Amino acid sequence: MKNNLRMLGFALWMLPMCLHAGTGQNLNPTYQPAQGQNTRSADPLPASTIIPVRLNSTLRSDKTRSGAAVTATVMQDVPLGRGETLRRGSKVTGHVVDAITSGKGSDEARITFQFDQVRLGNRTVPITTNLRAVASPHEVLEASPQPSSSEATDYEVEIGGDQISYAEGGPVIVGSQVVGIYTSHGVLANVDQDLGTPCSVTIDSNAQPQAFWLFSVNACGSYGFGDLKILQSGRTKTIGEVTLASNRKAVKVDKGSAMLLRVVGSGA
């Protein structure tokens with residue numbers, strides 16, 4: 001039954017391209033902005049763009065000091081519309097705003113940080129983001145495609161719980177709805193991310209394709225860290241400042257952890 005749904009979903013995903021095959025138009029759904037969306041934006045990275053990153057260093061509330069640098073690597077090509085792409089391997093940089101250890105003026109350990117810049121081609125662009133999801137290195141490993149004797153690994157579980165077949169160009173299906181395709185470096189899905197609440201997602205075939213890497217389109221919150229929680233996602237109060245909290249003595253987010261960032265604004 002799941003294979004039948006997958007084949008049906010893929011057929012529905014490919015239908016618009018088949019209908020227009022004789023027109024001579026380039027109808028690549030992955031890198032085309034939706035009609036009337038982001039086409040007049042002056043921002044280098046349009047607001048609501050999802051950026052999947054992996055941390056290059058460890059964040060610890062008991063050892064990382066205010067002002068310390070935070071760096072991460074973009075893990076999948078991110079379509080920006082207008083024929084532009086934020087390339088996989090690009091660097092995102094930021095800094096720690098504050099760190100509090102449990103028992104020193106707080107009942108829980110906290111660390112606050114923000115990302116400030118992204119390398120876009122040959123230029124560095126100021127950026128403000130909030131945090132949708134964070135996952136431990138173990139969760140990343142569990143969601144990574146495993147070597148297989150076959151061309152595809154069926155029913156791998158993404159970070160956040162969705163099942164997917166890691167087949168190049170295959171459909172990404174949530175329930176019975178086709179939301180995107182799987183590329184060699186992760187999921188590209190058509191979803192509406194901006195519904196006024198931090199974690200709401202609805203399916204919208206007209207939205208700009210978003211890069212989710214190994215995350216489910218429904219991924220939201222903390223994965224693989226025990227009691228770690230996103231106390232502030234950067235959507236309210238001080239925009240862009242993210243606070244992670246834990247009831248343990250210290251917050252520890254290891255190097256190799258993954259994050260789904262969501263662009264609030266970019267440019268000067």
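Note: hydrogens, waters and symmetry copies are ignored here, and every other heavy atom, side chains too, is used. None of the values given here were measured: they were computed from a predicted structure.
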Only one of T238, D98, T243 clears side chain to side chain donor-acceptor pair (under 3.5 Å) with T112; which? T243

Which of Q117, K91, R119 passes side chain to side chain donor-acceptor pair (under 3.5 Å) with T124? Answer is R119

Okay, side chain of [X], backbone of [Y]: is any donor-acceptor separation there less than 3.5 Å?
X: R110; Y: S61; value: no
X: E108; Y: A245; value: no
X: S266; Y: L45; value: yes

Counting C-beta onward and ignoring hydrogens, is there a side-chain heavy-atom pair between [X] and [Y] closer than 4.5 Å?
X: D43; Y: V263; value: no
X: F225; Y: V134; value: yes
X: S66; Y: V97; value: no
X: L261; Y: L131; value: yes
X: V74; Y: V92; value: yes
X: D116; Y: H95; value: yes
X: V253; Y: L55; value: yes
X: L59; Y: V96; value: yes

Verdict with reasoning, V78 to T85, per side chain to side chain contact (heavy atoms under 4.5 Å, CB included): CA-CA 6 Å; V78 177; T85 303; 5.6 Å; no

Quick check: closest heavy atoms across [X] and [Y], and the distance to 0.1 Å?
X: A211; Y: P52; answer: O-CD, 3.5 Å
X: D62; Y: A250; answer: CG-CB, 3.6 Å
X: P209; Y: P79; answer: O-CG, 3.4 Å
X: V178; Y: P171; answer: CG1-CB, 4.2 Å
X: A258; Y: V140; answer: CB-CG2, 3.6 Å
X: S144; Y: L214; answer: OG-CD1, 3.5 Å

Are V264 and T129 close enough, and set up right, to give a side chain to side chain contact (heavy atoms under 4.5 Å, CB included), and what steps lead you there? CA-CA 5 Å; V264 177; T129 65; 5.6 Å; no

Contacts of V187 that satisfy side-chain contact (heavy atoms from CB on, under 4.5 Å) - sequence neighbours left out: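 V187 satisfies side-chain contact (heavy atoms from CB on, under 4.5 Å) with E158, I164, V172, Y182, A189, F212 once adjacent residues are dropped.
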
Hey, are S48 and R262 close enough side-chain-wise for a donor-acceptor pair under 3.5 Å? yes

Do the side-chain N and O atoms of T73 and R54 include a donor-acceptor pair separated by under 3.5 angstrom?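 On atom types as modelled, these side chains do not qualify, holding no pair under 3.5 Å.
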
From [X] atom [atom1] to [Y] atom [atom2], the distance as rounded to the nearest 0.5 Å:
X: L86; Y: L80; atom1: CG; atom2: CG; result: 6.0 Å
X: Q210; Y: F215; atom1: CD; atom2: CZ; result: 14.5 Å
X: S136; Y: L228; atom1: OG; atom2: CG; result: 10.0 Å
X: Y223; Y: H138; atom1: OH; atom2: NE2; result: 15.0 Å
X: K252; Y: I111; atom1: NZ; atom2: CD1; result: 12.5 Å
X: I159; Y: N218; atom1: CD1; atom2: CG; result: 13.5 Å

Would you mind checking if R87 and D77 are paired as a salt bridge, meaning a charged N to carboxylate O distance below 4.0 Å?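 Salt bridge: yes.
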
Quick one: do D227 and R248 make a salt bridge, cutoff under 4.0 Å? yes

Could you go step by step and tell me if Q76 and L188 meet the side chain to side chain contact (heavy atoms under 4.5 Å, CB included) rule? CA-CA 9 Å; Q76 179 185 356; L188 274 176; 3.8 Å; yes

I'd like to check the side chain to side chain donor-acceptor pair (under 3.5 Å) partners of T71; sequence neighbours left out, ordered by chain and number. N56

Could you walk me through whether I51 and L260 pass the side chain to side chain contact (heavy atoms under 4.5 Å, CB included) test, one step at a time? CA-CA 6 Å; I51 306 177; L260 275 187; over 6 Å; no

Do L231 and V251 share a hydrophobic cluster, counting only Ile, Leu, Val, Met, Phe, Trp and Tyr and linking them when any side-chain heavy atoms are less than 4.5 Å apart? no

Ring geometry between F115 and F113 (parallel below 30°, tilted from 30 to 60°, perpendicular above 60°):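 Perpendicular.
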
